[in-house]
Structure formats: C-alpha cells, structure tokens
Amino acid sequence: MKAFTYERPATVQDAAKLAAERPNAKFIAGGTNLLDLMKLQIETPATLIDVNRLPLDKVEATPEGGLRIGALVRNADLAADPRVRKDYAVLAKALLAGASGQLRNKATTAGNLLQRTRCYYFYDTAMPCNKRAPGSGCSAIGGFNRIMAVVGASEACIATNPSDMNVAMRALDATVETMNPDGKARSIPIADFHKLPGDTPQIETDLRMGEIITAVTLPKPVAGTHIYRKVRDRASYAFATVSVAAVIAGAEGRKPTAARLAFGGLAHKPWRVAEAETALVQTGSADAAADAVLKGARGYGSNDFKIPLTRRTLRAVVAQATRA
C-alpha cells in the first residue's frame, strides 16, 4: 500500500478546496471501488478526502415534482425509498440488480456514478492500457474482450461502464449537481456527464478539478411500465453483459405511445439513442429499435455475441411491457 494522507473536511466547499489544492487527491465514501483499486496500485492517491460526514445523505422532493438524491445516499437506502419504488421503479430495480446487499449498504450514489471499468487489462498493471497509462495501447483490442464495448468505442479504448444505476439514471434523464472550490454549483445532464473514450479514455467524466458531486436530481416521474433487464454470466453479483433500462407507456397489447431505452454493457457510458425510442413508438418493433441502437456496432472477436444478444434482450423487454 502506498502511503497517503487523510483529511475529513467539515463542509462540502472545504472538501472541494482540498481536492483542488492537493495533487492526486481522491474523495472516499463507501470505498467499494476505490479501495480495490488502491490495493492493486491502479489508484495511488496522495490524499484521501473522507466525505462521509458531509450532509449529503438525504432524498428530498423538489419543487418541480422530482427527487433530489444526495451524493452520499447509500444504494440500499435509495432502492428501498418508497418514492423511488413507486415513481422511479426502473432505478430501484437497477440498484437491486447490482452487487450484494453488503456492498449496497456501503456504496453511494456519487460513487456509483464514478465507478471505473472492470476491463481485465485495466486491472492488470503488467498489460498496456490507455485508460491507466495514456499512450501505452489497448490490450483488449486483439485480446480477450468478452465484456468490452461494441458501440461508441475507439482505437484507444473499448472498455465499458459497469454501473447498473447509471443506466437507469440515463433512462430517467437525471441531472448531476456539483460544487466547485469557490462554492459555485453546476448542473450536468447525465447524458453529458460520462464521456466516450475517443483519444482520451483516461477522461471518464465531465468533472473539473476540485469539483465534488453533491446530488443527483430526477425530473417528474414518467408514466409507463418500468423494466430493468440484466443479462449476466451468473444469477447474482455479476456485472451486466447487456442490460436494458426501459420505461414504456401504452404498450399493453399494442404499439407503445412513449418509450425510454438505455443500455448497459455496450459502451463506455450508458447508451441511449433517441432514434431507437422513436422507431419503437412508430413501428412497435423491437428489431427496428435495435437497428438504431446497434447502428455502427462492431465486435472485437470474443464480444461479437453482444450484438445479437442486445437485440434479443430488447425483444424480451418490449414483450414484457406488452404483457404488463
């Protein structure tokens, strides 16, 4: 273990100031991802900033009729919140599909937003990885890439975002709230929060130096059948091979009148394509929607199966909404 200093700021702004002032500082809350990365010396922060005692652990109604979820709300508490279960069921289902009960008791909303990829080569410091060591190469291209991206990838990186929560948040059009070291707040649509790899796969989010996540805001509830379908290698405690977060309205025995579709396991960020939702509403065809989702899709050998699997998974989601 590399030596590091430990700070416990009293306010959110103090935490942001510390992160801006200290080179290679990291916020720590549940630590369910960061501590693993530190043990492997993939992350080697010089300073850990403990934010657990900051007042960011509430779920509150907004004047607009939505919910404001504090950055430190634990995944287990968020999934159990009656308002989330009733009005944002796709989010509750996604959270319950992720990790074990023990991990959900520790993991936080902000930490889940910032989960790093589970790419095998990112975790193997003996192998080149542009995300871990920019410019070194991508071992997954030409290597064992079963869990890697089939859309939105680049020649620099084909890693995927591992979070279930992020996929549901994308379907719900969430907004990420932050504070900078000067105390100024910023709102980032979740569509813009996570980045595609391009030539800079080490830049994973839109966060700026010293910025700290304070909350995630959900807009007014969306009517429809809320579905989270996760395909994985074992029944529990596994990351998604392909997942779909869907809110589909008016589909009982006929074409949907409205649809929101977000996908996990396919890209460097939660994948949502407006044309797919339009196609589903206009045609009622899951295959037409899948054509839009998979436009330009490319397998890299071991992950070729993800392309037909995405199509089959979406068919199952639409069939479930029709039966609801």
Side-chain angles (χ1 to χ4, degrees), residues 4 7 9 11-38 42-52 54-57 68-73 75 107-119 122 130-134 152 154 156-157 159-163 165-170 172-218 267-272:
F4 57 87
E7 300 285 352
T11 69
V12 175
Q13 188 176 356
D14 287 345
K17 285 181 178 178
L18 276 170
E21 293 167 357
R22 303 287 180 89
N24 195 20
K26 292 286 182 181
F27 298 117
I28 186 166
T32 56
N33 190 202
L34 178 59
L35 291 179
D36 284 342
L37 293 171
M38 288 176 66
I42 295 164
E43 292 274 16
T44 55
T47 303
L48 282 184
I49 302 170
D50 187 340
V51 296
N52 279 293
L54 300 181
L56 301 174
D57 60 349
R68 187 175 187 272
I69 302 162
L72 293 176
V73 174
N75 285 179
T108 62
T109 300
N112 217 305
L113 283 171
L114 299 174
Q115 269 197 86
R116 306 205 69 187
T117 184
R118 263 53 183 191
C119 173
F122 175 69
N130 286 321
K131 184 178 287 296
R132 180 170 25 80
S154 72
C157 181
T160 54
N161 186 298
S163 170
M165 185 199 81
N166 291 346
V167 183
M169 291 287 196
R170 181 68 184 91
L172 293 169
D173 284 329
T175 299
V176 181
E177 298 181 8
T178 68
M179 180 182 288
N180 73 10
D182 295 326
K184 293 180 181 178
R186 186 163 71 107
S187 295
I188 310 167
I190 196 163
D192 301 326
F193 182 77
H194 297 101
K195 299 291 187 182
L196 291 177
D199 296 327
T200 55
Q202 74 278 11
I203 302 174
E204 299 177 355
T205 71
D206 192 47
L207 288 176
R208 300 166 185 169
M209 178 65 71
E211 222 171 7
I212 183 173
I213 298 171
T214 55
V216 176
T217 302
L218 300 179
H268 203 256
K269 62 187 290 184
W271 194 249
R272 186 174 173 189

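The first residue of the sequence shown is numbered 1, and numbering continues consecutively from there.
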Item checked: Worked verdict on Asp192 versus Lys195 for salt bridge (charged side-chain N to carboxylate O under 4.0 Å, His left out) -> CA-CA 7 Å; Asp192 301 326; Lys195 299 291 187 182; over 6 Å; no

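- Residues Asp173 and Pro189 have side chains not in contact (no heavy-atom distance under 4.5 Å, counting atoms from C-beta outward).
- Here the side chain of Thr200 pairs no donor or acceptor atom with the backbone of Ile203 at under 3.5 angstrom.
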Note to self: Is there a side chain to side chain contact (heavy atoms under 4.5 Å, CB included) between Leu207 and Phe193? Walk through the geometry before answering.
What the structure shows: CA-CA 8 Å; Leu207 288 176; Phe193 182 77; 3.8 Å; yes

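- Taken from OG in Ser154 to CG in Asp199, the straight-line distance is 6.5 Å, to the nearest 0.5 Å.
- Of all heavy-atom pairs spanning Leu34 and Lys26, the tightest one is CD2-CB, 4.2 Å.
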Next item on the list: In sequence, state the C-alpha distance, the side-chain angles, and the governing distance for Leu218 and Ile69, and then conclude on side chain to side chain contact (heavy atoms under 4.5 Å, CB included).
Entry: CA-CA 8 Å; Leu218 300 179; Ile69 302 162; 3.8 Å; yes

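- The side-chain contact (heavy atoms from CB on, under 4.5 Å) with Glu204 is formed by just one residue from the set His194, Lys131, Lys269; it is Lys131.
- Between Ile28 and Met38, every side-chain heavy-atom pair lies at or beyond the 4.5 Å cut-off.
- Residue-environment remark: CG (Asp36) exceeds the threshold of 12 foreign heavy atoms within 6.0 Å.
- Between Leu18 and Phe27 the shortest side-chain heavy-atom distance does not fall below 4.5 Å.
- Looking only at side-chain heavy atoms (C-beta outward), Asn75 and Asn112 come within less than 4.5 Å of each other.
- Taken from CE in Met179 to NZ in Lys17, the straight-line distance is 10.5 Å, to the nearest 0.5 Å.
- Atom CG of Leu56 and atom CG of Leu72 lie 5.0 Å apart (nearest 0.5 Å).
- No salt bridge links Arg186 with Glu177; every basic N to acidic carboxylate O contact stays at or beyond 4.0 Å.
- Nearest approach of Ala19 to Ala25, heavy atoms of both residues: CA-CB, 4.2 Å.
- For the pair Cys157 and His268, the minimum side-chain heavy-atom distance is below 4.5 Å.
- Asn33 is listed as a side-chain neighbour of Arg118, based on a closest heavy-atom distance under 4.5 Å.
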Next item on the list: Dump the intermediate steps for side chain to side chain contact (heavy atoms under 4.5 Å, CB included) on Met169 and Val176, then the final yes or no.
Entry: CA-CA 10 Å; Met169 291 287 196; Val176 181; over 6 Å; no

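- Looking at every heavy atom in both residues, Pro201 comes nearest to Gly198 through CD-O, 4.3 Å.
- Within the 4.5 Å cutoff, no side-chain heavy atoms of Phe4 are placed close to those of Thr47.
- Distance CG/Asn166 to CG/Leu113: 5.0 Å, rounded to 0.5 Å.
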Next item on the list: Check the pair Thr109 / Met165 against side chain to side chain contact (heavy atoms under 4.5 Å, CB included), numbers first and verdict last.
Entry: CA-CA 8 Å; Thr109 300; Met165 185 199 81; 4.2 Å; yes

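- Annotation for Thr160 and Thr117: closest pair O-OG1, 2.9 Å, computed over non-hydrogen atoms.
- The two residues Asn130 and Ala156 have their closest heavy-atom pair at ND2-O, 2.8 Å.
- In this structure, the separation between OG1 on Thr217 and CD1 on Ile188 is 11.5 Å, given to the nearest 0.5 Å.
- Asn180 and Asp182 are not linked by any side-chain donor-acceptor pair at a separation below 3.5 angstrom, with hydrogens and angles left out of the test.
- Side-chain atoms of Arg272 do not come within 3.5 Å of backbone N or O of Pro270 as any donor-acceptor pair.
- Listed here is the closest heavy atom pair of Thr108 and Ala71: CB-O, 3.5 Å.
- Atom CG of Asn161 and atom CD of Gln115 lie 7.0 Å apart (nearest 0.5 Å).
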